[in-house]
Amino acid sequence: MKKRVFACILAAAMLFCLAACGGGSTETTSPATDAPSTDTPASDSDVIKIGHIVHMTGSAVESGGYEKNGAELAVEEINAAGGVNGKQLVLVQEDGKSTNQGSVAAFQKLLEDDEIVAVIGPSPSTQFAAMIPTIDEAGIPVATGGTNYSLTHSDCPWVFRFRPHDGFSAQAMVRYAVDELGATKIAVLHGSDSFGVGGYDLVAQYLDELYGMEPILDQSFNNDEKDYTAVITNIKESGADCIISYMAMSPDVGMFATQRLQQGLDIPWIGSPSVTAVAGRELAGEALYGVYAVSDFHVDGNEKATAFAAAYEEKFGREPDFYSAWTYDAIYCFAEAFKNAADLEPESIREAILALEDFEGVEGTYNFDENGDGLDAYYIVVNNENNIEVVTKIEGNR
Amino acid sequence: MSGLAILGQNVFSGIAIGGVYALLALGIALIYRSTNVTNFAQGDITMLGAYALYILLEQLGLPYPIAFLLAIVVMGIFGWLFQRFVYYPLRNRSFLPVIIATIGAGILFQNVALVVFGSIPRKVNPVFASGGFTVGGVYFDLQYIVILVVTAALFVFQYLFFEHTSLGKKMQATAQDKTMAQLLGIPVALMIAFTFIYSTILGAIGGMLVAPIYFVTNRMGSTLGLKAFAACICGGFGDVRGALIGGIAIGLIEALGAAYIAPVYKDAFPFLLLLVFLLVRPQGIFGEKVSEKA
């Protein structure tokens, strides 16, 4: 009897696991040819296919959803307006599974389809970096939203970035801190991961290059830290008059924000974009009021952004964020390049993208340099009682 | 900020967090004493306790004392279910299958919590909304003080209960020698069930106490559980005083190590202490040099 009960529980647990796995794979096996308003095309030449690696399962599923929505919205709008040179755009989606090998496998699967002329990659920089050797071999244009500097500086001519890289965010933070906030003793708080350490290096580099200064404190911590007492006492002890932070995770932002005020550390703080993320703001509440951040997308940034935000909210029922903004821009830029290119060969598309001049997107104005970086400006935003407001826009030195 | 204030600040937070480790370690110690197995799901039970408080307090909007007591009742029932379905079916097997079952149960709890609550951290308000006060440059967070008071109260209760009540003595007897206890007419299975219920409640209270500080996520219990386990070994496995002293030592060493060496290695210090103990005094502070229980 006892054994039977236990066996039943085990069986139930296994069923549960199976059900969970099953749920994942049904999503992946429908690499949606669900470009909206695509009536079955008469012949293959009536469509232009764009591949999209979306994280539909795993830890990055939330940002993946935003990316998917942004791209789908752009395709829908372009097709409704008559498509590109009379051809409809079709989005072919593959699950990147939130992992490096999943992303590479998804890319390889997309390459099997000869009609795909360009691909949109996943946002996280590590996964995109893993794909670069394959991209180099395949030789087709791939868009990225990862901000790690090296993605467009690794001698692969096929990478196009639709967000400003971390070098520009470091410049923007340093300039605002020194020029506007009058900071002279800057403490850099950063995670011990590659994002945080890379961020520290860039801040130190630009502080030196632009002002001949160096950070007064290099304070790292591990992601998922719960008690910031030591970090806070170190910052106080250093006599810093401003904090620049590279924190990757929203709970960390929430916790540091709260504990810093409790322990009386009330100096200006400029953070990487996570400081404005909804999850962190919900956890920290008032503790984040008045905190500055860099941000590459803002709904009031330009007219296109405002219109995009309205269309996005109408279709998906919530505000867009930068994840949906850059995939939306990538589709529009690709479409414009397809229009201008002599043909749809990879080299022609690449040249057409590089030739784009002052192309207005929702993230900003695109001018691609030979590395494939389209943007160079960050907004400085401030949390005004939970509304994220633009203070200024700082363009970086390329 | 003066050097003394920095020291005071870090000692205070170290002792408070150490108190939570001590509560979890106590739960592990009690189960070990009565059943000779280690419950590796103790950390995840902490997480479930925090979610229980989150549901009752934040979602159902109950007042704090009622939510707290109700969460204890719910987790007590959960403790019984846990021993009934994880420990009891395997009670006559060697300790290894039981330990693996507790590890499996912990993984199951984490993933069920992920499915039910998602990956977004949940916020639980502290017991006192006012936050805290500053004396001599040291900020005293009221939630940390609550942790210290509750931990102290539970250890006193523990002492009185085990030394001065009939039920407590029966549970102790079971822990010391199951066969003898059985011969004396003590319902051993029932006593073990009580031990699991009590240990689960201890873990859950630990989770409820740290919930406002840590935010509630499905993974919050894993490092907590491991540090509590380290506290058990440093203090002397299965020893009540050892759990208390070990827990506070772990809390202190990580807080001071983070402050004076580097916050990046914060999680390494407790395990460094553990390694030192395993090399120098494997039986722990209060442990006796016994290789095998008769």
Side-chain angles (χ1 to χ4, degrees), chain A residues 1-10 12-13 16-17 19-20 23 58-62 189-192 196-197 218-222 224-239 249-252 254-255 258-265 278-280 282-285, chain B residues 1-3 5-7 9-14 16-17 84-86 88-91 101 104-105 108 111-112 115 118-123 131-132 134 137-141 144 210 212-217 219-220 223-224 251 254-268:
Chain A
M1 172 61 200
K2 283 159 205 152
K3 272 189 184 155
R4 200 171 297 162
V5 172
F6 193 63
C8 284
I9 293 171
L10 267 181
F16 179 78
C17 291
S59 59
V61 65
E62 203 173 343
L189 173 65
H190 62 89
S192 55
V197 175
D218 167 8
Q219 182 63 67
S220 65
F221 65 92
N222 291 326
D224 227 13
E225 177 60 73
K226 305 297 184 195
D227 181 2
Y228 287 86
T229 306
V231 165
I232 292 163
T233 50
N234 280 352
I235 297 177
K236 277 186 176 175
E237 186 77 335
S238 74
M249 324 243 296
S250 299
D252 296 352
M255 231 165 285
T258 312
Q259 293 181 10
R260 126 202 106 105
L261 285 189
Q262 286 171 344
Q263 299 185 22
L265 178 67
V278 178
E282 276 175 5
L283 295 173
Chain B
M1 195 167 187
S2 73
I6 290 175
L7 179 68
Q9 187 74 69
N10 285 295
V11 166
F12 174 66
S13 73
I17 294 293
R84 183 67 187 78
F85 292 110
V86 180
Y88 195 74
L90 299 168
R91 68 194 180 286
L108 182 70
N111 285 287
V112 169
V115 171
S119 59
I120 298 171
R122 308 290 173 155
K123 188 179 178 180
T134 306
V138 178
Y139 175 77
F140 289 90
D141 191 318
Y144 280 27
V210 290
I213 300 170
Y214 275 32
F215 298 136
V216 187
T217 65
R219 290 174 297 109
M220 69 180 282
T223 24
L224 271 176
E254 70 171 11
L256 295 176
Y260 293 105
I261 302 173
V264 179
Y265 303 120
K266 188 170 176 182
D267 288 337

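Residue numbers start from 1 in every chain, and the chains themselves are labelled A, B, ... in the order their sequence lines are given, proteins ahead of strands.
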Next item on the list: Taking B:Lys266 for its side chain and A:Glu225 for its backbone only, find out whether a donor-acceptor pair lies under 3.5 Å.
Entry: no
Check: Distance-only, no hydrogens or angles: does the B:Gln9 side chain make a donor-acceptor pair with backbone N or O of B:Tyr139 under 3.5 Å?
Finding: yes
Check: Closest approach of A:Asn222 and A:Ser192, non-hydrogen atoms and distance?
Finding: OD1-OG, 2.8 Å
Check: Checking B:Phe140 against chain A: side chain, backbone, both or neither under 4.5 Å from a heavy atom?
Finding: neither
Margin query: So which residue, B:Pro121, B:Gly14, B:Gly132, B:Ala262, ends up with the most heavy-atom pairs under 4.5 Å with chain A?
Written below: B:Pro121
Checklist line | Under 4.5 Å from any heavy atom of chain A - which part of B:Arg122 | finding: backbone
Checklist line | Listed partners of B:Asp141 passing side chain to side chain donor-acceptor pair (under 3.5 Å), at least two apart | finding: none
Next item on the list: Please check if the side chain of A:Glu282 supplies one atom and the backbone of A:Gly254 the other of a donor-acceptor pair under 3.5 Å.
Entry: no
Item checked: Which atoms of A:Ser220 approach chain B - backbone, side chain, both or neither, heavy atom under 4.5 Å -> both
Check: So what's closer than 4.5 Å to chain B heavy atoms on A:Asp227: side chain, backbone, both or neither?
Finding: both
